[in-house]
S.K.: 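Got a structure for you, questions after.
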Amino acid sequence: MKLGFHIDMALQKIVRILLPLLLIIVLLLTAHIVVKRMQSISFQTDANKSGASFWKERSFVVVGEGEGTPLQFPGPLDSWAGGETKQIRLTVPVVSPGDRLFLRMHFADSHESVPPLLEIALNGKAIDRRQVSKGAGEQPALWPGRGKPSRITVELPKLDRKGASLKIIIRSLEGSWVGFNKITVFSKVSVLETRAVKVLWVLLAVFYLYFLTFPGNFKRCRAKTKLLAHPVWGTIERSCRNPPAMAFITFIVVMTATGVIREDLIPFNADENKRIHLVTGDEPEYFLAAYSVAHDFDMDVSNNIRNKDWARFVTHDIWGTGHGSLNYFKRFAPKIKDVKQEEWGDMQLLVHRPALSVLLAPAAYSETRMRWWSYILISCFGATFLALIVLTASSAGIYPFMAAVTSTGFALTPPSLFYLNQAFPEIPMAMIIALVLVLMIKPDPWRLYATAVLICIAPWFSDRILLAAFILGIGCLALAKSGKERVVLVGMFATGAILLVNYYMFRFGVPWPIDHNPRVHASLSEIPFGLPRIFMDAGRGVVWLTPVLILAPSAFYAWWRSDESRILLWFLSTALAVTMLLISSHPDWTGGGGPTGRYGMVFIWLSLPAFLMWFKTGITITGKILFFSLLLFGVLEGYMVSVPAGWMYSKFHPLFQYGTIANWYGVLPNLAEYTTGSIIKAVAWFFFFTVLAISAVFPFKRTVGQ
C-alpha cells in the first residue's frame, strides 16, 4: 500500500512536469503548421537584367527559384527595348493545393506619365489586369532615394491537385517601363484554421489544469485505463527490450525523416537547371571521383574532366575556381606548387577524401540523378551505423530502448539531420568514430579488432579525424587484455597508416594534406576566441543546434562516478578536447552557420557514447526529464529548420543560420564580434546551462529498471 502510494505520487509529479512540456510542444507544432502555411517565396532583382542591351532582342525572360527578376521591365512604348510587349515568366516551386496564394509585385519606381498596364496569367490562363501607379520617372541608380515606390497584390486561383507548380506570366500590355524591388508569392491561412489552433490551445490548457488542480483525477484515469492498456503495453515493453527490434525501428525512423527532407529539398524530377547546387554543388569533385570509380574503376578523373562527365550532375564548368581548381589544391599539395594553369587541365584531380567517392560510386550509374541517389546512400549509411550503435550498445548492457532513443535523437537534430542528406564526408566519419567508442565499452578481442578496422577507415573519409583517431587507437591498445591482442592491433594500425601515407604521398607529395592557405591558418591565439563560439555563438554554437549537449558534462560526470571503464572515458575526453582545440584554432570557424558546420559533427557524435553510458550506470529522474526535454526540443528544431526550406534559407537549402528572422535571436550571444553585450549573454547562458547540468546529476542516485 505504501509502495503503491509512493508510485502514484511519483507518477503525479512526472505528469505535472510532462504535461506543460506536452502543452508547449503542441503549441510549437500547431504554430509551426500555421507559420509553414504562411511561407513566401521572393524573387529579388538582378541589375544585369536591365537596359537596351538586355531587352532589345528579347521578348521574355524566364525566372526560376533563386534567380533574379529584371530590374527594369519595359512596355510597348519603350523603343529602346524594341517597342513591343514583354513578359516575365516566373516558375514557383511545388505548392500545396487549397492554399490562398497571392502574387505581390513591389515596384521601386515607374514612368512618370504612362506607367504600364500589366496582365497576370497563371498556368497559361489570364487571371487579372492591373494598372501600375505613376512614379517619379527617375534613372535606376536614383530609385532608392528619389523613386516613388508602389505595389500591386493579386490573388491567385486555388490549385486543385497536389504537387502543382505555378507558372506565372507578367505581361506589359500598354504604357512604358516599371522598376522592380522584388516579386513575392505568398500564402495566407484561413480564419477558420487560426481559430481551430486557438481552440486546441485552450483545450490543452484546460486539460492540464484538470490534472494540476485535482490530483485524484489522475489516479481514477489511471485505474480505468490500466486494464485496457495492459496487452498493448506488454507488447511495447517487449519490443523496447529487444535489440534487433530497436535497431530496425532506428533505421526506419532515420530513413523516413531524411526522406521527408529529401523530398522537400531535392525534387526527384529535378530538371537540368535545378541540378545546379542540389544540394552541395560547391564540392562536386566527390561526385566526379565517384563517377570515375563506377565507370573507369579508378580515381584518375583527368579524362572525366576532358570528356565533361561533370555535366551529368552539374550544368556549369566547375573546375576553374573553388573546389577542384589548381589554386585550391596548391594549398596543401607541394607536388603541384610549380604547375601552371595551362598545364592543369590534363592532370588528374587530387581527390583527398576518397572513401566518400567510393561510397557514392553506386549512385553514378543513375547518370543525371546521381545526386539524388548519392543522398540516399548517405542516409542509408547513417541509418545503418545508428542501427549498429543500438545493437552494440545493447550487447554492452545498455537498455535497447534508451540506446535507440538517444541515437535517433542525435540524428534528428540539426545539423546532423541536414547533413545526412549531404554528400560531405564528415557525417560518415563522425558516425564511424561513434561506433568505435560504443564497441570499446565492452572491449572483448573481436570488438577491439572491429574497432581497429573502423579507426583505420575513418581518416579515408576526412584527414580532420587523424589526431582523434590516433588517440582512440592508443585507447584501443590500452583496453586490450593480452599481448597477442596488442600485436594484432598494432599490425592493423600500422597497415592502415602505411596505406594512407602511401596514398597521400602519391597524390599530394606529403604524408597527409595540411592546409597552407594563409587565410585559413590554425593558430593557438585563436583558441580563446574559438572555444566559446563552438558552444555559445548564436549562429554557430553547437548547444543551439543539438541542445541535449548542454547535459554532456552531466553524462561524463555520471560515467566517471560509476567506476566503469574510466580508461575509455579518459581517451574519449582527450579525443574530444583535441577535436575542440583543432576547430577553435581556425579563425573561420562557422560551426552551424554554413557548410563548415559539418566540422562540428565529430564533436557532436563523440558525445553520444557518454549519454549511452549514463543510462547504463544510472540516471536520476530529474536527469531523465531534462534529457528527454532537450532531446525533444532538438528534434523539433531539426524539423522546423530542415523541412521548410524557405523558412531559413530560400535559395538553395537551410544552413542553420538563425539570423534576425527568429524572434528570440536577440537573447542569444553573437560572438562573431566580442562586445560587452555578447559576453554578458554568453556568461548568463553558461551559468544557466551549468545549473541544468548540475541538477541532472545531484544527488547521484541510480534508478531501477535498466
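Note that the numbering runs from 1 along the sequence shown for the chain.
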S.K.: Going through the checks in order, is the side-chain contact (heavy atoms from CB on, under 4.5 Å) test met by H295 and Y365?
M.R.: CA-CA 8 Å; H295 293 275; Y365 293 104; 4.2 Å; yes
S.K.: Let me see the working for M601 and R464 under side-chain contact (heavy atoms from CB on, under 4.5 Å), right down to the final yes or no.
M.R.: CA-CA 11 Å; M601 290 293 96; R464 293 189 180 96; over 6 Å; no
S.K.: Do you know the tightest heavy-atom contact between C456 and G496?
M.R.: SG-CA, 4.0 Å
S.K.: Measure the shortest side-chain to side-chain distance between S395 and R447 over non-hydrogen atoms and say whether it is less than 4.5 angstrom.
M.R.: yes
S.K.: Hey, what do you get for CZ (F571) to CG (L477), rounding to the nearest 0.5 Å?
M.R.: 8.5 Å
S.K.: How long is the straight-line distance from CD1 of I474 back to CZ of F493, given to the nearest 0.5 Å?
M.R.: 9.5 Å
S.K.: Between L356 and I378, is the side-chain contact (heavy atoms from CB on, under 4.5 Å) condition met? List the steps.
M.R.: CA-CA 9 Å; L356 180 65; I378 292 291; 3.8 Å; yes
S.K.: Side chain of T392, backbone of I389: donor and acceptor closer than 3.5 Å?
M.R.: no
S.K.: For the ring pair F381 and F385, is the centre-to-centre distance below 6.0 Å?
M.R.: yes
S.K.: Counting only heavy atoms not in F248, do more than 12 fall under 6.0 Å of its CZ?
M.R.: no
S.K.: How far apart are the closest heavy atoms of P428 and L359, and which atoms are they?
M.R.: CG-CD2, 4.4 Å
S.K.: Where the side chain of S292 meets the backbone of L288, is there a donor-acceptor pair that is under 3.5 Å apart?
M.R.: no
S.K.: Answer whether the closest heavy-atom distance between the side chains of F535 and F689 falls below 4.5 Å.
M.R.: no
S.K.: Would you say that W460 contacts L499 through its side chain, given a criterion of any heavy-atom pair below 4.5 Å between the two side chains?
M.R.: yes
S.K.: For the pair F615 and F627, name the ring-plane relationship: parallel under 30°, tilted 30 to 60°, perpendicular over 60°.
M.R.: perpendicular
S.K.: Report yes if the side chains of T406 and W614 come closer than 4.5 Å at any heavy-atom pair, otherwise no.
M.R.: no
S.K.: Quick check for you: to the nearest 0.5 Å, what is the distance between L479 atom CG and T451 atom OG1?
M.R.: 9.0 Å
S.K.: Atom CE of M613 and atom CZ of F556: how far apart are they, to the nearest 0.5 Å?
M.R.: 11.0 Å
S.K.: By the definition side chain to side chain contact (heavy atoms under 4.5 Å, CB included), identify the one residue from L420, V602, V436 that meets it with M431.
M.R.: L420
S.K.: So which heavy atom on V254 is nearest to which on A411, and how close?
M.R.: CG2-CB, 4.2 Å
S.K.: For the residue pair T690 and I694, establish whether any side-chain heavy-atom pair is separated by less than 4.5 Å.
M.R.: yes
S.K.: State, with a plain yes or no, whether a side-chain heavy atom of R353 is found less than 4.5 Å away from one of M429.
M.R.: no
S.K.: Any chance you could lay out the side-chain contact (heavy atoms from CB on, under 4.5 Å) test for L386 and T408, step after step, and finish with the verdict?
M.R.: CA-CA 7 Å; L386 283 169; T408 306; 5.8 Å; no
S.K.: Starting at CG of L551, measure out to CG of L631 and round the result to the nearest 0.5 Å.
M.R.: 10.0 Å
S.K.: Has Y503 got more than 12 heavy atoms of other residues, nucleotides or ligands less than 6.0 Å from its OH?
M.R.: yes
S.K.: Any donor-acceptor pair under 3.5 Å linking the side chain of T258 with the backbone of M255?
M.R.: yes
S.K.: Quick check: do S407 and L608 have side-chain heavy atoms less than 4.5 Å from each other?
M.R.: yes
S.K.: Determine whether a donor-acceptor pair (N or O, by modelled atom type, separation under 3.5 Å) exists between the side chain of S554 and the backbone of A693.
M.R.: yes
S.K.: Is a side-chain N or O of S357 found less than 3.5 angstrom from the main chain of Y286, in a donor-acceptor match?
M.R.: yes
S.K.: Show the nearest heavy-atom pair for residues S416 and I604, with the distance to one decimal.
M.R.: OG-CG2, 4.2 Å
S.K.: Provide the closest heavy-atom pair for M440 versus G475 in the form atom of the first, atom of the second, distance.
M.R.: CE-C, 3.8 Å
S.K.: To the nearest 0.5 Å, how far apart are CH2 in W560 and CZ in R566?
M.R.: 4.5 Å
S.K.: Do the side chain of S584 and the main chain of L581 share a donor and acceptor less than 3.5 angstrom apart?
M.R.: yes
S.K.: A quick test of your reading: do over 12 heavy atoms of other residues, nucleotides or ligands sit less than 6.0 Å from OH of Y449?
M.R.: yes
S.K.: Check A294 against A361 and note the closest heavy-atom contact, atom names and distance.
M.R.: CB-O, 3.4 Å
S.K.: Are any of the side-chain heavy atoms of L572 and W559 separated by less than 4.5 Å?
M.R.: yes
